[in-house]
Amino acid sequence: MQQVTLRVVGRLDVPGVERMLTSLPAGTAQDRELLTTIDLRRATLFDPYGLVTLRVLVRHLIQFGPVRVLSPQDPNVANYFAASRLADHLPTAVSFEPALSDTGFRQTSRSRVMAFTSFSSSADIIGIRDHCRQILEDQLDCPSDYSDDLGTALSELCQNVLDHAQDPAGGTAVAQKYVKRRGSTQIHFVVIGVGDGGIGVQASLKTKYQSQFGDDQSAITAALQGYSARSGRGGMGLRRVLDISRQYSGRIDMRSVTGLVGEGVPTFNWLPSSGRRLPGTQVSVSLYYQTNGS
Amino acid sequence: MDAIAKTAYALPQPELCARRSDPATIRTRTELSELVRELPEGALLMVDLGGNDYDISPLDEMIVSNILTDIASRQLQDRYVCLTKVTRYTRKELEAAMKLSPVRPLAVIALDDLGKTHVVGDLGEKATRTIEWLTERGEATAAELAKAFELSLPAANNRLADLWAIGLLRRRPREAARGAREFLYAPVL
């Protein structure tokens, strides 16, 4: 049995996931046996994308053998991780060392929009969308247009999972609000993470539109640029998310199997992908707005 | 204008038609398409959205790429559609779907929960102001619009004809001076 250790040092966000994945054996074969340790001891932050991707990774690796997770050492980070409820959505065979205990993490900025949530139906998605809109507008004082648009982006990303992923376990979503101060200006942004362990963008485009793309990277790029919307057979959802992202000077990053493509205003930016294989599609969307004063 | 014949239709709840491929979405698309085609000339179909929040894909499938596109592409002349109990959220999604449509411009009259009229669509401010002016006035000719907005007569004519073509105004001909014919335009409601 091959031993594999994946370490998270610092942030588990889009670049952090790729750094972690570089320790994953390339071209993991179905008959390989692995003993995997995911070492989160030196993690300092889990963003929504990092959380949904971690769940996909663990579900993927447990097919090859036992998975143990070394919990974050920093008490605040450990509490945040426990409060995210990711562990509730992992196979029970995954062990945490030391065991996670939710010690009542206090978010001083009242910034939790939505803890780790599974969905497998349209009714679930509408519930998620409306829950987030309500929290953003009523508890986090976000402008109503912003709350609506973020709800739309979240809903469309989740709906894409049901429409395209073919993952019997459905998908998961997380949302978190952050605030940065720059002089007298406050920059607010919410990050959405939506993920699944399904067939991925390239296979989905092939199944649905008989499209042939040479690799995951070009399939993701085509999907983000509205490939299926232009085909006149639907596909407005992702195009709508991209429009919303641009409207809020935001950013969208999409990982699917081995590809990773990010877009921030105004042009496509290519992030280096580790090239490691991870099932399904994981998406991060960040939308920004500013306020003045303390 | 004569009394308007009206037909009402209620959309299914959003959880039943959240995706293009949901059976309720497909059934609604077919039913709405048939209803509009069966309307007598000059009649109005009022689609009740029930104060629910719908997302872009089902709205496109059931309404935008369906009945609104048919009207705007002149397949259904002199038939009109109005949406009722339309939330702010749904109006934004409708507009987003219209902007992505290959047939442009598209627009529709939408009433919110309080009965307030909104022009939802990919239209400029001039078109919106024209409809608001006509709604206050009741009906008008191109000459009257030209005078009110300080436009040339052809410009006023074009503006009204364009709004009629996408189903935002109704019109009827009447005799003008010296035996000529002119159109009298009015809001669809």
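Letters go in sequence order (proteins before strands), and every chain restarts at 1.
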Please look at [X] and chain B and tell me whether the side chain, the backbone, both or neither of the residue comes under 4.5 angstrom of a heavy atom of that chain.
X: S144(A); value: both
X: D243(A); value: side chain
X: L162(A); value: both

(message) Report which part of D22(B) has an atom under 4.5 Å of a heavy atom belonging to chain A: side chain, backbone, both, or neither.
(response)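 D22(B) touches chain A through side-chain heavy atoms alone.
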Output the distance between atom [atom1] ([X]) and atom [atom2] ([Y]), rounded to the nearest 0.5 Å.
X: Y54(B); Y: S155(A); atom1: OH; atom2: OG; result: 13.5 Å
X: D55(B); Y: M236(A); atom1: CG; atom2: CE; result: 13.0 Å
X: I56(B); Y: T152(A); atom1: CD1; atom2: OG1; result: 8.5 Å

(request) In sequence, state the C-alpha distance, the side-chain angles, and the governing distance for R20(B) and D163(A), and then conclude on side-chain contact (heavy atoms from CB on, under 4.5 Å). (result) CA-CA 9 Å; R20(B) 285 181 191 275; D163(A) 286 346; over 6 Å; no
(message) Heavy-atom pairs under 4.5 Å with chain A: which of E15(B), Q13(B), R88(B) has the most?
(response) R88(B)
(request) Write down the atom of K92(B), the atom of R240(A), and the distance for their closest heavy-atom approach. (result) O-NH2, 4.1 Å
(request) Decide yes or no on side-chain contact (heavy atoms from CB on, under 4.5 Å) for E93(B) and D148(A), but give the supporting numbers first. (result) CA-CA 10 Å; E93(B) 294 303 286; D148(A) 285 352; over 6 Å; no
(message) Within the 4.5 Å heavy-atom criterion, are E156(A) and S57(B) side-chain neighbours or not?
(response) yes
